Chemist: 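Below is a structure I'd like to ask you about.
Numbered from 1 within each chain, the chains take letters A, B, ... in sequence-line order. This is a predicted model, so every value here is computed, not measured.
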Number of protein chains: 4
Amino acid sequence: MKRNKPKYKQIIDAAVIVIAENGYHQAQVSKIAKQAGVADGTIYLYFENKEDILISVFHEKMGYFVEKMKEVIAEKETAAEKLLVMIENHFKILSKDRNLAIVTQLELRQSNKELRMKINEVLKEYLHVMDDILHYGQERDEFLKDIDIRLARQMIFGTIDETVTTWVINEQKYDLVSLAPAVHKLLLRGCALR
Amino acid sequence: MKRNKPKYKQIIDAAVIVIAENGYHQAQVSKIAKQAGVADGTIYLYFENKEDILISVFHEKMGYFVEKMKEVIAEKETAAEKLLVMIENHFKILSKDRNLAIVTQLELRQSNKELRMKINEVLKEYLHVMDDILHYGQERDEFLKDIDIRLARQMIFGTIDETVTTWVINEQKYDLVSLAPAVHKLLLRGCALR
Amino acid sequence: MKRNKPKYKQIIDAAVIVIAENGYHQAQVSKIAKQAGVADGTIYLYFENKEDILISVFHEKMGYFVEKMKEVIAEKETAAEKLLVMIENHFKILSKDRNLAIVTQLELRQSNKELRMKINEVLKEYLHVMDDILHYGQERDEFLKDIDIRLARQMIFGTIDETVTTWVINEQKYDLVSLAPAVHKLLLRGCALR
Amino acid sequence: MKRNKPKYKQIIDAAVIVIAENGYHQAQVSKIAKQAGVADGTIYLYFENKEDILISVFHEKMGYFVEKMKEVIAEKETAAEKLLVMIENHFKILSKDRNLAIVTQLELRQSNKELRMKINEVLKEYLHVMDDILHYGQERDEFLKDIDIRLARQMIFGTIDETVTTWVINEQKYDLVSLAPAVHKLLLRGCALR
DNA sequence: GATGAATGAGACTTCATTCAT
DNA sequence: TATGAATGAAGTCTCATTCAT
């Protein structure tokens, strides 16, 4: 399995750095190879083509993401708490790896439709985690029964994503993680007084 | 003023069609010219360069967007109603012009960072409209006083945007406009029972 | 005769200014038209094509050049004196019209082979003036009988031309005309002590 | 060092041939690549851009030129002899490589101002060789002490250059090298009887 | 005579991918 | 396994010239 060889991860990590530093359109295969300390041709021993590198970047990082999420969520009892730790950890992981944040929020979105479709496939697993929390909340009578799960998930993901993107665009100059409680509250309670 | 000449709009409209049908990276100037029924060189009598076409597409369409929004919002009394018509009209406009929806939600996001920065400039005006509604709601004691306006706006925009994008990715096969009330309710009330 | 209409000269003069200020390759027909205060299309009522403008520039200016030369030369008795006033006037005319100097010494030489061949045709008349002086000098026993007229003319023209070009490249920052006597002496006496 | 790899010289030589045969403005990169027997892209492994090819052509050939000159000049005792062998060799080198003659005398002069400035830098070394001979001649009391070195150099270079250009324009149909003694005599003795 | 909007051909350069070593 | 030199397709933009008004 190529996935487990050292050069595989070496190239993935090089890709994140090169894309973050140079932007998606300036991340040539030769630059990634140089950053990874291998020859251009070596890339093709581990990846089908350039697109495969980018998908693998997302796959690899998102895999860790979802795994981590499931872990922290399982430790909490209520749906509200689960949602909070999910938001917190989403913010934490991207705060810790600024390059990854730039790559996922800005650069990878410049890829073509086809690549983005494949990225969305990977994303789905994360979206399912959100759906699970929502169902769980409804079952426990924490969340409204009549909300449309898909819409609620779009609200949650859209809000989190927009928040992170705004933070990245503003060059990460404020603390993202500390926004988690307010975002959490907003998602739970909405804007209205009631 | 070139902006008012018929060929200007002709080219803008051609660009939307070509980008929607072929994707951002396959929208060559020659294709746009052909679609617009003009010579390649004519494009450059009306636009500085290819990027200028794309910015102008966004500018032109978003200009209409914001104008329309301000109009329908002004007609409503409460902040809640204003928010509802904003969501409705956002969905309506993109539902009516499916090509535009594809272009704004998927294709234009593939542009490089520089172009996206310029697009963001245009977007800001729309975001201000959202801020205005939020402030207005707080003044009228419709909305919670302690919510962070920026976060709330990110929730609103993020949710709307994510909803439209999901709809476009699913090839627009369900009715977007009819989702407006549910999205509106979610944004106002959140997920929780309270 | 178009040559005598005011717009003809207007365009010629505009061409000299535009070429001097922008360089040969940046002297577009539209710029010349603008400088001349006419529409692009009007150019083509007076000139066949762009090349025709450039040849005409040279023709028109060189016509004056040769005329002036013949005039001042006729006033002198000896071949040596004739040569001196020729050099002096060559330097004077180009010193007075700095734009023309730039155009003839630097810019017009960037034209293609074909155009330069045509320019050379125009130049020939000037070269004949030099030949005439040389023959006259040999007849009067002022000049060596055994020199090859063509080579001598190449020396005279080459030296004058190289001197003017060096002066233009050095941004005309010293007085060209005052070099005339030294150049004259060099051409007459050569470098050697004898 | 790319300069020493075989393809580097291969491309330089191809450029000389293509420019001589097609003219400066018709010397497309693709033609040069074809003539050199490499792919278009290969050109860019050895040269920054098209201009770089042209500068390199001049640099490479002129380097040989100056080297050769210094060599033959060193072998002669008197300034007059040095001048003679310089003229002879200038004529010889260009006579032997007719394509190079066309390129240096006609085609490369069509380049833009910027490129010509860079070419002039390379030329300066050759002009210094002339200056050295002139100084040497003055020290040895072979040449007049009161001549202006720069003017004299302009005479020498202007004459040689004009002679070669005339020969190239006349399609090289007479023997250039045999003109060397007469040119030499002219430069030394001038036109006058004394 | 005068205008100026429209035309459309043409070339430099990049970079993902290959393959002989 | 690993290398890296070589490949070659493909697109933006300029500008001389035309011609309907």
Side-chain angles (χ1 to χ4, degrees), chain A residues 2 5-7 11 25-34 36-54, chain B residues 2 5-8 10-11 25-34 36-53, chain C residues 2 5-8 11 25-34 36-54, chain D residues 2 5-8 10-11 25-34 36-54:
Chain A
K2 303 205 160 176
K5 298 197 179 169
K7 287 203 177 154
I11 292 166
H25 291 292
Q26 282 306 305
Q28 293 87 350
V29 171
S30 60
K31 263 188 200 151
I32 296 173
K34 199 173 184 181
V38 299
D40 294 15
T42 306
I43 298 273
Y44 291 88
L45 297 175
Y46 295 90
F47 299 90
E48 294 283 318
N49 48 36
K50 190 181 177 181
E51 195 179 321
D52 189 27
I53 308 175
L54 303 174
Chain B
K2 305 209 156 171
K5 295 193 180 171
K7 291 220 168 130
Y8 180 83
Q10 206 169 312
I11 293 165
H25 291 292
Q26 280 307 304
Q28 293 88 347
V29 171
S30 60
K31 266 188 198 148
I32 296 174
K34 200 172 185 182
V38 300
D40 292 17
T42 305
I43 299 273
Y44 293 88
L45 295 176
Y46 295 90
F47 301 90
E48 295 280 320
N49 47 39
K50 190 179 175 182
E51 190 181 305
D52 188 28
I53 308 176
Chain C
K2 304 203 160 177
K5 299 199 178 168
K7 287 204 176 152
Y8 179 84
I11 292 166
H25 290 292
Q26 282 306 305
Q28 293 87 351
V29 171
S30 60
K31 263 189 200 151
I32 296 173
K34 199 173 185 181
V38 300
D40 293 17
T42 306
I43 299 273
Y44 291 88
L45 298 175
Y46 295 89
F47 299 90
E48 295 281 319
N49 48 37
K50 189 181 178 182
E51 194 180 321
D52 188 27
I53 308 176
L54 303 174
Chain D
K2 305 208 156 172
K5 295 193 180 170
K7 291 219 168 130
Y8 179 84
Q10 209 168 311
I11 292 166
H25 291 292
Q26 280 306 306
Q28 293 87 348
V29 172
S30 59
K31 266 188 199 151
I32 297 173
K34 199 172 185 181
V38 300
D40 292 17
T42 305
I43 299 274
Y44 292 87
L45 296 176
Y46 296 89
F47 300 90
E48 295 281 321
N49 47 39
K50 190 180 177 182
E51 190 181 308
D52 189 27
I53 309 176
L54 304 174

Chemist: Indicate whether OP1 or OP2 belonging to E:dG4 is found under 4.0 Å from a side-chain N or O atom of C:K34.
Modeler: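 C:K34 to E:dG4 OP1/OP2: no side-chain N or O under 4.0 Å.
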
Chemist: Rounded to the nearest Å, what distance is computed from the CD1 atom of residue D:I43 to the C1' atom of nucleotide F:dA6?
Modeler: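 Checked: the CD1 to C1' distance equals 12 Å.
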
Chemist: Where is the tightest heavy-atom contact between B:D40 and B:S30, given as atom of each residue plus distance?
Modeler: OD2-CB, 3.5 Å

Chemist: Nearest 0.5 Å, please: how far is CD1 in B:I53 from CD1 in B:I11?
Modeler: 7.0 Å

Chemist: Take atom NZ of D:K5 and atom P of F:dG4, then tell me their distance rounded to the nearest Å.
Modeler: 11 Å

Chemist: Using a heavy-atom cut-off of under 4.0 Å over every strand shown, decide if D:V29 touches base, sugar-phosphate, or nothing.
Modeler: base

Chemist: Quick check on DNA chain F: between C:Y44 and D:V38, whose nearest nucleotide comes earlier from the 5' end?
Modeler: D:V38

Chemist: Could you pull out all residues at least two apart from C:K31 that satisfy side chain to side chain donor-acceptor pair (under 3.5 Å)?
Modeler: C:Q28

Chemist: Measuring to OP1 and OP2 of E:dA11, would you say a side-chain N or O of D:K31 lies under 4.0 angstrom away?
Modeler: no

Chemist: Below the 4.0 Å mark, does E:dC15 have OP1 or OP2 next to a side-chain nitrogen or oxygen of A:K50?
Modeler: no

Chemist: Quick one: C:E51 CD to F:dC15 C1', roughly how many Å, whole number?
Modeler: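 In whole Å, F:dC15 C1' and C:E51 CD are 16 Å from each other.
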
Chemist: Choosing from F:dA5, E:dT13, E:dT3, which nucleotide comes nearest the side chain of D:D40?
Modeler: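 Of the options given, the side chain of D:D40 lies nearest E:dT13.
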
Chemist: Does D:L45 or B:G41 map to a spot on DNA chain E nearer the 5' end, using the closest nucleotide for each?
Modeler: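 Per heavy-atom nearest nucleotide, the more 5' residue is B:G41.
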
Chemist: Is any side-chain N or O of A:Y46 closer than 4.0 Å to OP1 or OP2 of F:dA2?
Modeler: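 Indeed, a polar side-chain atom of A:Y46 lies that close.
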
Chemist: Where the side chain of C:A39 is defined as all heavy atoms beyond and including C-beta, which of E:dT13, F:dT12, E:dG4 is the nearest nucleotide?
Modeler: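 Between E:dT13, F:dT12, E:dG4, the one nearest the side chain of C:A39 would be E:dG4.
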
Chemist: Tell me the interatomic distance from C:I11, atom CD1, to E:dA2, atom P, rounded to whole angstroms.
Modeler: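 Distance check: C:I11 CD1 to E:dA2 P gives 9 Å.
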
Chemist: Provide the closest heavy-atom pair for D:Y44 versus D:N49 in the form atom of the first, atom of the second, distance.
Modeler: CE2-CA, 3.8 Å

Chemist: Between P on F:dA9 and NE2 on B:H25, what's the gap in Å once rounded to a whole number?
Modeler: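 Answer to the nearest Å: 22 Å.
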
Chemist: Output the rounded distance in Å from CD1 (C:I53) to C1' (F:dT17).
Modeler: 11 Å

Chemist: If I take atom CD from residue B:Q10 and atom CD1 from residue B:I43, how far apart are they, to the nearest 0.5 angstrom?
Modeler: 9.5 Å

Chemist: Which nucleotide, F:dT12, E:dA2, F:dC15, lies nearest any side-chain atom of C:K7?
Modeler: E:dA2

Chemist: Using Watson-Crick and G-U wobble pairs whose two distances are both under 3.5 Å, how do you write the pairing of DNA chain F as dot-bracket, with | for links to another strand?
Modeler: .||||||||||||||||||||

Chemist: What is the distance, to the nearest angstrom, from the CZ atom on B:F47 to the C1' atom on F:dT14?
Modeler: 18 Å

Chemist: Figure out the CD/P separation between D:Q26 and E:dA9, and round it to whole Å.
Modeler: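 Taking CD of D:Q26 and P of E:dA9, I get 16 Å after rounding.
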
Chemist: Report yes if at least one side-chain N or O of C:T42 is closer than 4.0 Å to OP1 or OP2 of E:dT3; otherwise report no.
Modeler: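 True: C:T42 side-chain N/O within range (under 4.0 Å) of E:dT3 OP1/OP2.
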
Chemist: Please tell me which of the listed nucleotides, F:dC15, E:dT18, E:dA5, lies nearest to the side chain of C:Q28?
Modeler: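 Closest nucleotide to the C:Q28 side chain: F:dC15.
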
